[in-house]
There are 2 protein chains.
Amino acid sequence: MPNRGKPGKKKDAPAQARPDRFQVSLDDIAREAGVSRMTVSRVLGNRGRFSEKTRERVVAIAESKRYRPNRMARAVHTGRSMTIGLLLPVHGPYYSRVAQGAHDELAAAGYSVLLGSNPHDHGPEAHAAELRLVHAFLDRRVDAFVLRPVNDDATRVYYREIHERSVPLVAVDRRLAGSFCDFVGTDDLLGGRLAAEYLHALGHRHLGHLAGPAAVSSARLRRQAFEKTVAGFNDGTTCQVVAAGFHASEADALTLLDRAARPTAVFAVTDWGAAALYAAAQRLRLRIPHDLSVLGFADLIFAGLLNPGLSTLAQHPEAVGREAARLVLGRLGQPTPALRNKTVLLPPELIVRGSTAPRASAHL
Amino acid sequence: MPNRGKPGKKKDAPAQARPDRFQVSLDDIAREAGVSRMTVSRVLGNRGRFSEKTRERVVAIAESKRYRPNRMARAVHTGRSMTIGLLLPVHGPYYSRVAQGAHDELAAAGYSVLLGSNPHDHGPEAHAAELRLVHAFLDRRVDAFVLRPVNDDATRVYYREIHERSVPLVAVDRRLAGSFCDFVGTDDLLGGRLAAEYLHALGHRHLGHLAGPAAVSSARLRRQAFEKTVAGFNDGTTCQVVAAGFHASEADALTLLDRAARPTAVFAVTDWGAAALYAAAQRLRLRIPHDLSVLGFADLIFAGLLNPGLSTLAQHPEAVGREAARLVLGRLGQPTPALRNKTVLLPPELIVRGSTAPRASAHL
DNA sequence: TTGTAAGCGTTATCAA
DNA sequence: TTGATAACGCTTACAA
């Protein structure tokens with residue numbers, strides 16, 4: 001007879017492996033209150049019917065014992081862990097804020113966040129590390145994933161493992177090739193276009209772009225839109241491009257600046273590149289913005305602290321995180337695996353500080 | 001008879017609440033392999049004895065079905081969730097790196113990280129929010145906590161809830177009053193002393209300190225050691241202090257600089273304060289380092305990007321996170337609740353850039 | 001209003 | 001070498 005209502009859990013033989021913390025269970029309360037485990041469950045879960053008198057007694061005992069429900073036990077039964085897996089390179093000024101945004105929204109909805117920090121940029125072992133984290137999350141039965149893919153190619157890694165189990169998945173900041181999932185990020189095409197239009201409007205006709213890795217959608221799209229917009233001016237405006245990593249070095253920046261037909265205004269794929277341009281400009285004794293206008297992307301924490309302050313296209317990382325969380329929470333209600341992919345693009349916002357100026361000022 | 005080996009889980013009536021993802025269980029494999037659930041468990045867990053033949057068949061089936069063990073189910077039984085609760089304000093350039101360090105170390109040990117982001121600084125509702133997160137972690141039965149307390153006062157919140165359940169707890173970066181738990185952080189006393197000694201060695205005799213909130217140990221200790229060291233010089237060196245939040249404003253900095261007996265060198269409790277001093281100095285037309293030496297604390301991401309580069313006492317957030325993880329992992333092996341509190345203090349490292357100079361240069 | 005039975009997916013124990 | 005059984009803490013379904 002599988003009667004578990006028997007008094008006293010087997011405490012006599014404390015198996016070595018079992019940490020056996022002092023955790024209170026429904027049975028503990030039930031025994032003390034003289035009711036069944038189910039009644040306690042109903043009272044504390046506030047569902048079903050029970051008398052006020054019972055409720056008071058049960059609640060009092062639960063509080064005195066500092067009862068805390070075991071969500072894992074519940075999850076094993078309900079199939080919902082109330083946990084979301086968040087997979088992104090958490091260090092660094094951008095993604096840490098995405099994490100914050102996602103966390104806040106999820107916490108408000110009663111979900112907890114499992115954090116996995118994948119490598120910031122792609123390398124040979126990056127996929128392997130990422131896959132390990134994905135597995136760790138699957139094993140803990142997260143209800144959904146919010147993740148920043150290392151690059152377009154990560155599809156193979158995720159698709160099979162996650163989509164196959166029909167666990168909702170939202171990609172953040174970088175798209176996955178053959179997007180089979182929801183996406184939240186910045187409108188990089190708009191950003192690239194705004195950058196070109198802004199610098200052009202300032203009178204610059206020799207533009208430069210310090211680009212990022214082509215295998216990453218955000219970098220690729222910004223460049224695409226920037227170049228396309230420049231081509232569309234049809235007034236002889238030129239655009240020189242140098243591609244580097246996201247963390248462009250001073251050397252990368254010099255490649256773009258240390259030439260005869262130097263651009264008078266440069267759009268960097270990221271504020272990091274802009275910082276590199278500051279360093280290169282200083283080395284070449286170019287004054288910003290008089291000799292060189294610099295436009296960044298992201299509005300990272302240091303943008304306003306540079307001298308002069310960096311003009312940049314601000315992203316809104318907290319909003320990205322929040323939107324991703326909302327999307328993923330929406331998927332959880334639905335029984336349908338994936339009706340149609342949703343995409344949320346947040347427009348970047350031009351912040352003008354001191355690093356950009358009209359072309360004319362270069363001749364003052 | 002509670003015979004669960006029966007073939008076919010109840011799939012006929014898909015209860016509405018159950019998400020019923022396509023998850024494979026030990027029973028599914030056992031059925032297909034024609035063995036018992038236990039044999040499968042043993043094979044996949046690689047414990048106990050089993051024939052090579054059985055092993056191969058079971059493994060093959062498990063792989064073909066993409067089996068992933070349910071760690072929650074396991075945890076309910078073993079009492080170990082293999083999950084650590086990490087509670088800190090994850091946005092921002094410092095704690096995001098602590099999180100990264102802790103994550104890396106824990107992931108390497110096979111643990112997952114539950115992330116809770118508490119408010120960056122204390123307020124009336126900060127404790128309540130933090131308590132909610134602590135509860136969420138306890139409900140998910142984390143094996144241990146790594147957390148950054150809002151302030152000294154948070155003791156009451158944590159002590160009862162965590163310590164009482166004898167869940168290991170490591171405080172990070174800020175101490176809890178009446179420290180009943182392990183602590184990992186920067187050696188703030190050493191930092192304060194090094195700051196004073198360095199500026200004094202440069203010849204400065206009128207020092208200033210832009211301090212942080214007194215209720216936070218790191219700020220308090222830095223100030224304490226700075227003032228004590230200055231007093232110890234016994235050569236008439238003075239020290240003017242202005243207390244602000246960690247994110248000191250330009251106005252805070254002006255309070256310190258816009259006075260007749262202005263200090264010639266200022267130690268800021270944090271690089272944030274140093275940045276504020278840069279702004280204030282610019283407003284007052286003071287040149288750094290000629291008219292004013294500025295020394296920061298932390299070596300945040302922007303320290304090297306300021307102009308001039310900020311001299312600062314570097315912290316090592318990744319190392320703090322890693323050490324905290326190690327400490328907490330060490331506690332998990334022990335059956336003893338808490339033998340003795342351990343403390344790991346990482347020495348700050350003086351990084352000299354361009355914001356500090358000998359007193360003499362002020363007269364050139 | 002309350003309780004019993006069964007089951008979630010796993011592991012420990014002991015018997016076969 | 002394998003399997004039956006109970007247990008972990010909880011919830012749903014149904015019976016009283």
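Every chain is numbered from 1 and lettered A, B, ... according to where its sequence line falls, protein lines coming before strand lines.
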Where the side chain of [X] is concerned, which of [options] is the nearest nucleotide?
X      : options                  : value
V76(B) : dA13(D), dG9(D), dG3(D)  : dG9(D)
R49(B) : dA4(D), dT1(D), dT10(C)  : dT1(D)
S25(A) : dT10(C), dG9(D), dA4(D)  : dG9(D)
S36(B) : dG3(C), dT10(C), dA4(D)  : dA4(D)
T54(A) : dT1(C), dT2(C), dT11(D)  : dT2(C)
N70(A) : dA5(C), dT10(C), dC10(D) : dC10(D)

Indicate yes or no: does [X] engage [Y] in a salt bridge with an N to O separation below 4.0 Å.
X       : Y       : value
D28(B)  : K65(B)  : no
E161(B) : R165(B) : yes
D27(A)  : R37(A)  : yes

Practice prompt. Decide yes or no, distance alone: a donor-acceptor N/O pair under 3.5 angstrom between the base of dG3(C) and the side-chain of R42(A).
Written response: yes

Practice prompt. Would you state whether a donor and an acceptor, one from the side chain of H77(B) and one from the base of dT10(C), lie under 3.5 Å apart?
Written response: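 Side chain to base: no pair below 3.5 Å.
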
Expressed in angstrom and rounded to an integer, what is the separation of [X] atom [atom1] from [N] atom [atom2]?
X      : N       : atom1 : atom2 : result
Q23(B) : dG9(C)  : CD    : P     : 9 Å
R74(B) : dC10(D) : CZ    : C1'   : 19 Å
D27(A) : dT11(D) : CG    : P     : 12 Å
R47(B) : dT1(D)  : CZ    : P     : 17 Å
R37(A) : dA5(C)  : CZ    : P     : 11 Å
R68(A) : dC8(D)  : CZ    : C1'   : 20 Å
M38(A) : dT1(C)  : CE    : C1'   : 12 Å
I29(B) : dT10(C) : CD1   : P     : 8 Å

Discussion item. By nearest heavy atom, map R71(A) and V43(B) onto DNA chain D; which one lands nearer the 5' end?
Written reply: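 Here V43(B) is the residue nearer the 5' end.
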
Would you tell me if any nitrogen or oxygen in the side chain of [X] comes within less than 4.0 Å of OP1 or OP2 on [N]?
X      : N       : value
Y67(B) : dG9(C)  : no
S41(A) : dT11(D) : yes
S51(A) : dT2(C)  : yes
T39(B) : dG3(D)  : yes

Item to complete: Carefully, step by step, assess T83(B) and V142(B) under the rule side-chain contact (heavy atoms from CB on, under 4.5 Å).
Response: CA-CA 5 Å; T83(B) 300; V142(B) 294; 4.2 Å; yes

Item to complete: Take R141(A) and N70(B) through the side-chain contact (heavy atoms from CB on, under 4.5 Å) test and state the conclusion after the steps.
Response: CA-CA 7 Å; R141(A) 297 296 189 266; N70(B) 186 334; 3.7 Å; yes

Item to complete: Before giving the answer on salt bridge (charged side-chain N to carboxylate O under 4.0 Å, His left out), spell out for R80(B) and D143(B) the whole-Å C-alpha distance, their side-chain angles and the decisive distance to 0.1 Å.
Response: CA-CA 6 Å; R80(B) 324 192 82 239; D143(B) 292 329; 5.1 Å; no

